Each structure stands twice: as structure tokens, then as C-alpha cells.
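Report on the structure given below.
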Amino acid sequence: MTKSNITHTHRLFRTFVWMIVSVILLALAAPLEADAAKKKRSTKAKTTATTTKKKTTTTKKKTTTSSKKRRSSSRKSSSSRRKGSSSSRGANWALTAADVNPDSKSPEVKTKKSTKRQVTVVRPDLEAIRVATLDPDNPMYFPKLMKKFNRNDTTMTAEEFRHLYLGYMFQEDYDPYRESPYSSVTDSYRNKTSHTKEEIDTIRKYAELTLLDNPFDLRQMSFLVHVLKERRKDMSAKIWEYRLEHLLGAIKSTGTGENEENAWFVIYPAHEYDMVQLMGYHAVDADFIEPGFDYLIVEPEEETLRRLRDKVQKGFYFDVRQIHEQYELKHPEDEDGSDEVGESVEDETGDAAVEEDPDDVPAEEDPDDASAEDEDPDDLPAEDEDPDDLPVE
């Protein structure tokens, strides 16, 4: 074999060896590349999952923050509505303590939620109300309604409150111009921004005596709510506020006050001024229009003017024909001028009648002082029926 052939054979052998080595190396490298690719895919999947989780967490945080903001805004709105109700600037027509004294800093009764009151306006049929409230077999019999009202029955309907309020005009003891001898006692305290414990006890005593004498004295009722809140008698304040709001709702449901056809019906002339006030106005003058309408000329309060602008009312109408009719029925002697409204009444002996000593009259029981065992929860106003805010259907 020649040298040339040997060299060629060596080259072929080396080539063959390198081919075998390359195949072995490729066989060994394939699993390594597969493992690397698998690890790469796993790492990518983990990275994607982490990113998604971060995004989800961020989204949840944003959603939670947004939800908290909405709840906070809702609470502020609810609080604002409660404040509007307490200051009686026409928000939801609930006369409260601040109506008597707008500068008062007395605490407010907190409630779980506030609902804006809806009023269905229906012109009352006074003759039907008279018949119903005088009939012992009728569900609207006045003594039955008065009993429910005094025990704070929260099942009373809007129609029952209308019959209670308007039906009082047909009761034997009704007198539209009679004033309680106790009502003037609290007058000197009305302009004070705060009251001492002794003053509050005095106001409460004489306000309750006035309301025993006249259960529909809205001003005394409102002032009583005010001082009870100031004294932190929250349960008692809620009870009286509940009564007050529904009586005002009964008045408001009788009309709109915009004209004679839609005049409000009231059972006392003083209630005309209460209604004007709670609508966000103050009366500056009054006219009597035949055959029996009072027209109160008003000016809007600042907040009312900002809210209504060019839609503010110049005055409100009140139907007082039934008031005059009932007074004439019960005081026929006034027609010939033999007696005057406001004169002292004499007894059978000819002496002036002696007024009852208020110190001898028991004050109404304080619900805040009652024990938990004695308190009937069904007799208390519902939490969501706060004053500013039970729907009057």
C-alpha cells in the first residue's frame, strides 16, 4: 500500500469518527434543549400568572377604593339630606328643632338611614271625614285613631293621619282659637341657643302640658323635639318627631297651596305659618279672601332663593272655611257680639274660672327612662322612618 493510500484511509477514518462523535453530541444535546425550552415556558407562564395576579390585585384595590368612595359619598349625601331635613329649608318638609331656633347647636338624633318623603296630594272630602270620625263602628273613629297616635303605632297609614288631623275639627272639644294656658310659659326660652338642665326640664314640662290640652300644637311639639335632642333624650325625641312629621304630612297631602283650588287645609290658623316656614319661606303679610281663604304673602329664605331661583312662590293659600264654620257652631253667642274671643270664661257662680295648677298635672312618662323589659318595640317609630323622611302615600 502506497503512502498516498494510507493517508487517504486515515482521513476517511477521522471523518467517520467525527461523524459518530457528532451524532452522539446531538443525541445528548436534544434533551438538554428540551429541558431548557420547558424551563423557559414554565418561567414565562409563572411570569404571566404573576403579572395577571398583580393586575387583578390592582384592579381589586381600585374597585375597593372606588366602592369606598361611593359609600362615603352616599353617607355624606344621606347626612346632607338629614341636615336639610333638620334645618327645614324645604328639603323634605320635616319641621324640626332648628325651625324654632336655627342657631341652635343641639345634637341631632342619629338614624340608620334617611328616606325622602313622598306625598300624594288628594283634596279631602271633609263631610266623609266628619261622618267617619264620629262613627264608633268605623275604623277611622277619632278616639280609635287618637289611641293609636298616643301609643306611637307605626302601622298608622297616611289616610289615618289625615282623618286624625282633619277629623279633630268635628270633635266636641275642638276650638280653633282656644290657647292653652301653659303655652306661653316656654316663649321666653325660644330665642336661646342653648338651655340649662333646669330650663330644659321646665320647657319639657309645659310643652307636654300644652300638648295634653291641644295634641296638635305643632310649635310646642317642634320645640319639645329640640330640647329633648339637646338633653340627649333620643328615644323621646324620635317619638315626638315621628308624630310631628306625620301631622305635617297630613296637611301637605291636602293640596299645594298655590291657588284657591289647591289650598292647604289646616285646623288652626297658626299651622299656616308652620307650613310656610317648613317650605323655606317666612310670612310678611296676610289677606283674607272670601268666602274663606287665608293668603299668606311670603319671602323666600336665602337657601330657598338659591334652590328655586325664579320659581319661588309669592304666597300660599289656605282653606279656612271649615274653621270658621266650626267656630260659629260652637260659639253662636259671638254672632250678636255678646262674647269676644279670648275673654275669660265664668263659672256658674259668676266668678272667673280658676285655671288648673300645672304643678298638679302629671308630666308624660319619659320613654328614655323606661326599662328595656317594659318597652314594647312595636310601639316605637321605625328606625328608617325618621322625620325628615316616612313616605306619606
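Nothing here was measured: the structure is a model prediction, and the numbers come from that model.
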What do you reckon, is CD of Glu179 surrounded by more than 12 foreign heavy atoms closer than 6.0 Å? no
Can you list everything that forms a ring-ring contact (aromatic ring centres under 6.0 Å, His included) with Phe316? Sequence neighbours excluded, please. Trp264, Tyr281
Between Tyr141 and Leu145, does a side chain to side chain contact (heavy atoms under 4.5 Å, CB included) hold up when you go through it step by step? CA-CA 6 Å; Tyr141 183 47; Leu145 296 178; over 6 Å; no
Salt bridge flag under 4.0 Å for residues Arg162 and Glu159: yes
Salt bridge check: are Glu261 and Arg123 linked by an N-O gap of less than 4.0 Å? no
Are Ile297 and Ile289 connected into the same hydrophobic cluster when the rule is that any two of I, L, V, M, F, W, Y join if their side-chain heavy atoms are below 4.5 Å apart? yes
Give a yes or no answer on whether the side chain of Ser222 reaches the backbone of Leu218 with a donor-acceptor pair at less than 3.5 Å. no
Starting at CD1 of Ile200, measure out to CZ of Arg232 and round the result to the nearest 0.5 Å. 11.5 Å
Let me check something: do Phe293 and Ile267 share a hydrophobic cluster, defined by ILVMFWY side-chain heavy atoms less than 4.5 Å apart, either directly or through other members? no
Judged by modelled atom types alone, do Glu230 and His195 share a side-chain donor-acceptor pair under 3.5 Å? yes
For the pair Arg243 (side chain) and Asn150 (backbone), establish whether a donor and an acceptor sit closer than 3.5 Å, ignoring hydrogens and angles. yes
Using 4.0 Å as the upper bound for N to carboxylate O, is an ion pair formed by Asp187 and Arg190? yes
Would you check if Ile323 and Val266 make a side-chain contact, meaning some heavy-atom pair closer than 4.5 Å? yes
Non-hydrogen side-chain atoms of Glu199 and Lys192 separated by less than 4.5 Å: yes
Report the C-alpha separation of Trp240 and Leu211 in whole Å, then their side-chain angles, then the decisive distance to 0.1 Å, and conclude whether the side chain to side chain contact (heavy atoms under 4.5 Å, CB included) test is met. CA-CA 11 Å; Trp240 283 108; Leu211 289 164; 3.5 Å; yes
Is there a donor-acceptor pair under 3.5 Å between the side chain of Gln277 and the backbone N or O of Asp274? no
Checking Tyr168 now: which residues fulfil ring-ring contact (aromatic ring centres under 6.0 Å, His included) with it, not counting sequence neighbours? Phe142, Tyr174, Phe216
Decide side chain to side chain contact (heavy atoms under 4.5 Å, CB included) for Val121 and Ser253; before the verdict, give the C-alpha distance in whole Å, the side-chain angles of both, and the deciding distance to 0.1 Å. CA-CA 4 Å; Val121 176; Ser253 69; 5.7 Å; no
Is the closest side-chain donor-acceptor distance between Thr186 and Gln220 under 3.5 Å? yes
Side chains of Phe318 and Phe265: closer than 4.5 Å at any heavy-atom pair? no
Given side chain to side chain contact (heavy atoms under 4.5 Å, CB included), test Leu224 with Leu228 step by step and report yes or no. CA-CA 6 Å; Leu224 181 57; Leu228 287 172; 3.8 Å; yes
Please check if the side chain of Lys252 supplies one atom and the backbone of Leu247 the other of a donor-acceptor pair under 3.5 Å. no
ring-ring contact (aromatic ring centres under 6.0 Å, His included) partners of Tyr317, counting only residues at least two apart: Tyr295
If you round to the nearest 0.5 Å, how far is OG1 of Thr133 from CG of Leu164? 9.5 Å
Below 4.0 angstrom, N of the basic side chain to O of the carboxylate: do Asp234 and Lys229 qualify? no
If you define the side chain from C-beta out and look only at heavy atoms, does anything of Arg178 sit under 4.5 Å from Asp213? yes
Under-4.0 Å salt bridge between Glu325 and Arg321: no
According to the interplanar angle, ranging from 0 to 90°, do the rings of Tyr327 and Tyr177 count as parallel (below 30°), tilted (30 to 60°) or perpendicular (above 60°)? perpendicular
Going only through I, L, V, M, F, W and Y residues with side-chain contacts under 4.5 Å, is there a path from Leu305 to Val276? yes
Would a hydrophobic clustering, with Ile, Leu, Val, Met, Phe, Trp and Tyr connected at side-chain separations under 4.5 Å, put Val298 with Leu308? yes
Rounded distance [0.5 Å steps], OG1 in Thr210 versus CD1 in Ile203: 11.5 Å
Residues Asp153 and Lys147 bridged, charged N to O under 4.0 Å: no
Step through it carefully: locate the ring centre of His324, locate the ring centre of Phe288, and say whether they are under 6.0 Å apart. yes
Is there a donor-acceptor contact under 3.5 Å from the side chain of Thr304 to the main chain of Pro300? no
Verify the cluster assignment for Tyr165 and Leu126: are they in a single hydrophobic cluster under the rule of side-chain heavy atoms below 4.5 Å apart? yes
With a 3.5 Å distance limit and no angle check, can you tell me whether Ser236 reaches the backbone of Lys233 through a side-chain donor-acceptor pair? no
Side-chain donor or acceptor of Glu160 paired with backbone N/O of Thr157 under 3.5 Å: yes
Tell me, with the steps shown, if Lys205 and Asp201 meet salt bridge (Lys or Arg N to Asp or Glu O under 4.0 Å). CA-CA 6 Å; Lys205 174 181 178 179; Asp201 291 341; over 6 Å; no
Taking only Lys NZ, Arg NE, NH1 and NH2, and the carboxylate oxygens of Asp or Glu, determine whether Glu127 and Arg130 approach each other closer than 4.0 Å. yes
Just verifying a value: how many Å separate Gln326 CD and Gln322 CD, rounded to the nearest 0.5 Å? 4.5 Å
